[in-house]
Amino acid sequence: MRVYNFSAGPSMLPLEVLEEAQKEFLDFAGTGMSVTEISHRDKAFSAIVEEAEKNLRELMNIPDNYCVLFVQGGASQQFAAIPLNLMKSGKADYIVTGNFAKKAWQEGKIYGDARLVASSEDKTYTYIPDVDKIAFNDDSDYVHITSNNTIFGTRYVKFPETKAPLVCDMSSEILSREVDVTKFGVIYAGAQKNLAPAGVTIVIARKDLIENPLPICPTMLKWKTQAENGSLYNTPPCFSIYMANLVLRHLKKLGGVKEINKINEYKAGLLYDFIDNSKFYTNSVEKKYRSIMNVPFVTPSKESDEKFVKEAKAAGLVSLKGHRLVGGMRASIYNAMPVEGVKTLIEFMKKFEKENA
Ligand SMILES: *Cc1c(COP(=O)(O)O)cnc(C)c1O
């Protein structure tokens with residue numbers, strides 16, 4: 001039996017996509033081979049990379065002056081790649097709105113003067129600093145932000161207007177809502193939250209920004225290397241790219257980002273409304289900044305939190321345990337989580353409240 005999987009990542013993938021992959025797993029596109037066995041230099045494979053890029057460009061409306069790269073190492077590897085590709089004058093601004101944002105900032109400090117210009121750590125990351133009140137430095141090579149904070153369940157509702165290129169970690173919300181790519185210098189995202197199995201990381205970078213990486217930048221971390229080689233400089237994460245392409249096709253069939261965003265807003269709305277109307281469950285994020293992807297919540301006690309996670313699991317609602325930094329529960333309701341999954345969770349929450357309040 002398939003369960004509803006609320007994991008923050010790796011996370012659920014659309015059932016249709018898993019079935020499609022299963023159907024053609026042993027013989028991909030008449031090659032007589034599995035997609036996991038084909039050479040990455042084979043035409044059948046480069047066609048996948050090309051289609052995935054085309055689909056992503058279409059879905060996100062990515063203009064021609066941006067390159068789309070499929071790389072390895074996760075979003076965390078990009079924390080280093082960003083300064084190594086962009087820190088030409090050795091200075092950058094960082095906004096820290098959660099654990100991953102902090103890690104990105106700390107990695108940036110290894111390579112230069114990574115300055116903390118705003119943080120929401122004072123209130124355990126339950127809000128996003130007012131972007132209009134941040135004093136950005138004039139001499140920055142870039143400004144780094146994390147658009148959706150996976151662990152704490154917040155998201156930007158408005159992105160800062162900056163003189164320096166805006167670099168954004170969208171790992172836990174890419175393709176969940178419409179964004180204007182032209183407002184960003186670089187967008188990057190590990191795939192395992194909203195797009196594919198772990199292994200591939202998407203980098204969308206304005207072409208003029210990738211030309212002069214720092215001399216110490218490793219070849220593999222140079223976006224320029226990856227761009228010049230169509231993401232095939234070395235063996236790419238073939239299976240993840242293939243799966244990403246199936247997910248992108250699926251998303252196009254659903255009507256694109258605008259449509260999935262409506263569904264995401266609806267799903268998150270159901271869950272937040274229920275929590276807000278309950279005296280038993282609480283979510284401590286400032287309402288305006290609530291994420292529609294990751295919904296943390298607690299019951300009145302640690303003991304009942306633990307009981308909740310255990311009983312939910314027995315009821316087929318898995319991976320609801322909150323991150324160790326926050327405790328309680330977290331429901332990650334990415335693109336692939338069906339409305340039915342959220343409704344089932346709410347029914348379970350009602351029942352648990354009745355029995356334990
Ligand atoms: C999961 C996550 C990361 C880490 O991704 P890896 O691919 O595991 O390195 C970074 N940033 C955000 C916002 C995330 O949600």
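Note that the coordinates shown come from a computational prediction; the quantities given were computed from them, not determined experimentally. The figures that follow rest on heavy atoms only: side chains count, while hydrogens, waters and symmetry mates do not. FYI, the numbering just counts along the sequence from 1. Indexing begins at 1, ligand by ligand and atom by atom, following the structure's order.
- Geometrically, ligand 1 and T146 share no nitrogen or oxygen pair separated by less than 3.5 Å.
- Atom 4 (C) of ligand 1 has as its closest protein heavy atom F100 CE2, 3.5 Å.
- Given atom 11 (N) of ligand 1, the protein heavy atom at minimum distance is D169 OD2, 2.6 Å.
- Looking at heavy atoms from C-beta onward, K350 lies in side-chain contact with I346 at the 4.5 angstrom threshold.
- In terms of heavy atoms, P165 sits closest to T162 at C-OG1, 4.4 Å.
- Clustering ILVMFWY residues whenever any of their side-chain heavy atoms sit less than 4.5 angstrom apart, transitively, puts Y94 in the very cluster that holds Y125.
- Near G74, meaning under 4.0 Å from any of its heavy atoms, are these atoms of ligand 1: 7 (O), 9 (O).
- No donor-acceptor distance shorter than 3.5 angstrom exists from the side chain of D42 to the backbone of S46, with no hydrogens or angles considered.
- Looking from atom 5 (O) of ligand 1 to the surrounding protein, the closest heavy atom is A75 CB, 3.6 Å.
- Here the heavy atom of the protein found nearest to atom 9 (O) of ligand 1 is S76 OG, 2.5 Å.
- The side chain of Q192, and not its backbone, has at least one atom closer than 4.0 Å to an atom of ligand 1 (non-hydrogen atoms only; side chain from C-beta on).
- No donor-acceptor distance shorter than 3.5 angstrom exists from the side chain of N85 to the backbone of P213, with no hydrogens or angles considered.
- Under 4.0 Å from ligand 1, the heavy atoms of K193 that appear belong solely to its side chain.
- For atom 15 (O) of ligand 1, the closest heavy atom belonging to the protein is T150 OG1, 2.4 Å.
- K267 and N264 share a side-chain donor-acceptor pair at under 3.5 Å.
- Here R57 pairs with E53 in a salt bridge; the nearest charged N to carboxylate O distance falls below 4.0 Å.
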